[in-house]
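What follows is a single structure, written as C-alpha cells, with notes after it.
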Amino acid sequence: MPVYVEFNANNTKGDVPIKVYTHDIHPKAITQLKNTASLPIVGPHIAAMPDVHVGIGATVGSVIPTRNAIIPAAVGVDIGCGMNAVQLSLRATQLPDNLAPMRSAIERAIPVGLGAHKRISAREAACKKLAPGIESIFAARPELKKHLKKPDTLWVTQMATLGSGNHFIELCIDEGGFVWLMLHSGSRGIGNAIGSYFTDRARKQIENRDRKLVDKNLAWFDSGQTDFTDYLTAVNWAQQYARVNRMEMMALALRAIAPFLPEFTLQQEAINCHHNYVSTEQHFGETLHITRKGAISAQQGELGIIPGSMGAKSFIVSGLGNAQSFCSCSHGAGRKMSRSAARQQFTRDDLIAQTQGVECRKDSRVIDEIPAAYKNIDDVMSNQSDLVKIHHTLKQVICIKG
C-alpha cells in the first residue's frame, strides 16, 4: 500500500508543506527538508520519495520546485547521474555457466573508478558533438577550469567511463527469463567541476548579500542574474554529457559481451533517464524549475528505471503522472546507513553472503555498497504504488561497481 505523509516545515508563515512517501525517514533528513521548505523561492510544496535519506544541504530523494531560481547544491555535483537499460533477445538459459570472463571483458572495455580512456580519440564522434558547448562554457567562465583536478581534456577521455561510488554496470534477468543490460553513471569529473564551481558562486553571493540561510548549501541564483543564465547553460550541457556517457558505455558493454553469447538483438528502445538534475516544467498552473535530487520523472506512461542494491532486484516502471509528487518517483532503494557506518558494521563475509549468486567483486573496497546498507527495495516500491506501475522485475547476475 502507498504511504503518504504531509507535514508543515516549521509552522512558520511562508514555509511550504512537505509531502513524504514513506514513514522510514531519518530525523536529519526531516530537518533538511524543513530547511529547504523555509526558502522563499520554494513552492508550492516539496515532495520526498520513499528512498529519501540525508544529503548535503538538500535531501537525497527530494523533488524541489523553485520559482525563478535554482539551487546549484540541490542539483549536486554528479549532474545528470542516472540510468540506462536495454532488453536483449537472449534468454537466461543462453548465458554461459561461468560469468566471470564476461565481467572481466566489460571491465577491460570500460574504465571504472577514477579511470579514463588512454586515448583522447577513444569516443571521438560523441565528444565532437559536445565540444562546442563546453568550449563556450569555458570561454564564458575561464575560472571554471580551476575546479578541474586534471587538464580540461579530462571530459573527453572520461567519456564512456563508469565512475566510482554506487555507479554500476549489471547484467540482469527479468521475470520472463529475458536478459537485460543496465548501467548507472553521470557526468563524471566535468559535472563535478561545474557543480562545485557554481555552488561556490552561490554561497559567496549569499554572503555578499548578507542574506541569512540556515544552511549555505541551499544558496541559490535568481533568474535574471548572469550566474543563473550561465549555470543553466552549464548544467544542461552536463546533463547532455551524462546521457551520452551512458549511451557510449552501453555500446561498449554490448560489444564486450557479444563474443560470449549467441547472436542477439535489442528488444526494446533503451531507457535513459536522469535522477540528479533540474528541468523547467509546468505544474499546478505555473512554470517551475524542478530539481530532482535522487528522483526520476514519472509522467503518465513515461518509462523509468528504479535499481535496488547489488544483491537485490531492480524495476522497469512507467509513470502514473501523480501531480502531488510533481510526476516523480524514487531513483532507487536509498541508503539507510552511511558508507562509514557500513564499513564498521559489515565484513567481507557478510558481503559474500548477501551477494550470493551474483558475479561481482566481493572485496573490502565495496563493503560500503553491501545490500544491507540500503533500504528494502520491496518496501520502497510498495510505498510508491500510486506513482509508478511495474513492468519488469530484474535480478542481476553480473554486477560491476565503480
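What's counted below: heavy atoms across the whole structure, side chains too, no hydrogens, waters or symmetry copies.
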Set of salt bridge (charged side-chain N to carboxylate O under 4.0 Å, His left out) partners for [X], sequence neighbours left out:
{"X": "Arg246", "value": "none"}
{"X": "Asp379", "value": "none"}
{"X": "Glu369", "value": "Arg335, Arg339, Lys401"}
{"X": "Asp174", "value": "none"}

Problem - Leu88 vs Ile257 side-chain heavy atoms within contact, under 4.5 Å - result: yes

Name every donor-acceptor pair, under 3.5 Å, that has one atom in a side chain of residues 304-313 and the other anywhere in the protein, sequence neighbours excluded.
from, atom 1, to, atom 2, distance (Å)
Lys313, NZ, Asp378, OD1, 3.2
Lys313, NZ, Asp378, OD2, 3.4

Problem - Point-to-point distance, once rounded to the nearest 0.5 Å, from CD1 of Ile25 to NZ of Lys336 - result: 16.0 Å

Fill in the blank from the handout: Rounding to 0.5 Å, atoms NE2 (His275) and OG (Ser330) come to a distance of 10.5 Å

Donor-acceptor list for residues 105-113 side chains, cut-off 3.5 Å, not counting sequence neighbours:
from, atom 1, to, atom 2, distance (Å)
Glu107, OE2, Arg103, NH1, 3.0

Problem - Test item: side-chain donor near acceptor, Arg119 and Ser121, under 3.5 Å - result: yes

Practice task
Could you pull out the closest heavy-atom pair between Phe178 and Ser89, with the gap in Å?
Solution key: CE2-O, 4.0 Å

Exercise for the section: May I ask you to check whether over 12 heavy atoms, not counting those of Gln282, lie within 6.0 Å of atom CD? Expected result: yes

Exercise for the section: Could you walk me through whether Asn84 and Arg243 pass the side-chain hydrogen bond (donor to acceptor under 3.5 Å, both in side chains) test, one step at a time? Expected result: CA-CA 8 Å; Asn84 194 1; Arg243 186 180 297 277; over 6 Å; no

Handout entry: Validation row, ring centre Phe221 to ring centre His289 under 6.0 Å
Key = no

